[in-house]
Amino acid sequence: MINLAELGRVFIVCCKTDMRRGIDSLAYIVKKSFNLDPFSGCVFLFCDSRRDRFKALYWDGQGFWLLYRRFENGKLAWQNNEDEVSDEQVMRLVQGFTIDPKINTARARELY
């Protein structure tokens, strides 16, 4: 498993993204929509509307990396707000877990 947090600061794009977009189009979103530099060495994470796949865009100083991950079972618990997340939370997210490991007791009761 690649530890995205070790590459640099991680930004999560909260809105849904068309997964057909490539490097240039995702870099354009970073620049125009968020006024950030896609060449900064930061990692930018994008999620689709079904939340079962994501892309990571990363500039390593010589070229862009575009990483793509699709979950066969389950969905991502993608951020809906722009709060800063920790390195541990990023790893939980890309491994398919929720960022906040709390159990929702109301939903847990419904299951029993």
Side-chain angles (χ1 to χ4, degrees):
M1 163 77 59
I2 297 171
N3 186 347
L4 298 175
E6 288 180 358
L7 297 176
R9 190 169 177 198
V10 178
F11 289 93
I12 296 174
V13 177
C14 297
C15 58
K16 62 183 176 182
T17 305
D18 184 350
M19 287 292 108
R20 296 174 293 183
R21 293 180 179 263
I23 290 171
D24 295 331
S25 183
L26 294 174
Y28 181 81
I29 290 172
V30 168
K31 179 74 174 166
K32 294 298 180 188
S33 297
F34 302 102
N35 202 26
L36 295 170
D37 182 10
F39 298 97
S40 64
C42 297
V43 178
F44 300 94
L45 298 178
F46 303 86
C47 184
D48 71 334
S49 60
R50 294 185 300 192
R51 296 184 178 208
D52 65 347
R53 60 197 76 201
F54 72 90
K55 285 186 176 182
L57 181 67
Y58 171 69
W59 173 260
D60 70 0
Q62 296 182 1
F64 277 106
W65 286 84
L66 184 60
L67 305 169
Y68 179 80
R69 181 153 191 204
R70 181 182 72 194
F71 291 94
E72 294 301 321
N73 296 314
K75 295 185 177 200
L76 293 161
W78 204 253
Q79 284 289 97
N80 291 322
N81 56 34
E82 297 178 3
D83 295 337
E84 188 171 333
V85 295
S86 69
D87 294 348
E88 179 184 343
Q89 290 172 316
V90 170
M91 284 307 299
R92 288 182 59 78
L93 176 68
V94 299
Q95 289 173 350
F97 299 107
T98 63
I99 285 180
D100 186 4
K102 294 179 186 174
I103 296 172
N104 184 340
T105 55
R107 289 202 60 192
R109 288 184 195 140
E110 293 173 9
L111 298 175
Y112 295 108

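Taken from CZ in Phe44 to CZ in Phe34, the straight-line distance is 10.0 Å, to the nearest 0.5 Å. Distance check, rounded to the nearest 0.5 Å: NZ of Lys55 to CG of Leu26 gives 6.0 Å. Atom CZ of Phe54 sits about 12.0 Å away from atom CZ of Phe46, to the nearest 0.5 Å.
More than 12 non-hydrogen atoms from other residues, nucleotides or ligands lie less than 6.0 angstrom from CG of Asp60.
Applying the side chain to side chain donor-acceptor pair (under 3.5 Å) definition to pairs two or more places apart or across chains, those involving residues 38-49 are Asp48-Arg53. Listed by first then second residue, pairs satisfying salt bridge (Lys or Arg N to Asp or Glu O under 4.0 Å) with a partner in residues 15-39 read Asp18-Arg20, not counting sequence neighbours.
Shown here are the side-chain contact (heavy atoms from CB on, under 4.5 Å) partners of Ile23, two or more places apart in sequence or in another chain: Leu57, Phe64, Leu66. By the ring-ring contact (aromatic ring centres under 6.0 Å, His included) test, Tyr28 pairs with no residue at all, sequence neighbours left out. Every residue was checked against the side chain to side chain donor-acceptor pair (under 3.5 Å) condition with Gln62, not counting sequence neighbours, and none meets it. Judged as a side chain to side chain donor-acceptor pair (under 3.5 Å), and not counting sequence neighbours, Asp52 has no contacts.
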Would Leu45 and Val10 count as a side chain to side chain contact (heavy atoms under 4.5 Å, CB included) here? Give the steps. CA-CA 7 Å; Leu45 298 178; Val10 178; 3.8 Å; yes
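Taking both residues in full, the closest heavy atoms of Phe11 and Cys42 are given as CE1-SG, 3.7 Å, listed atom of the first, atom of the second, then distance.
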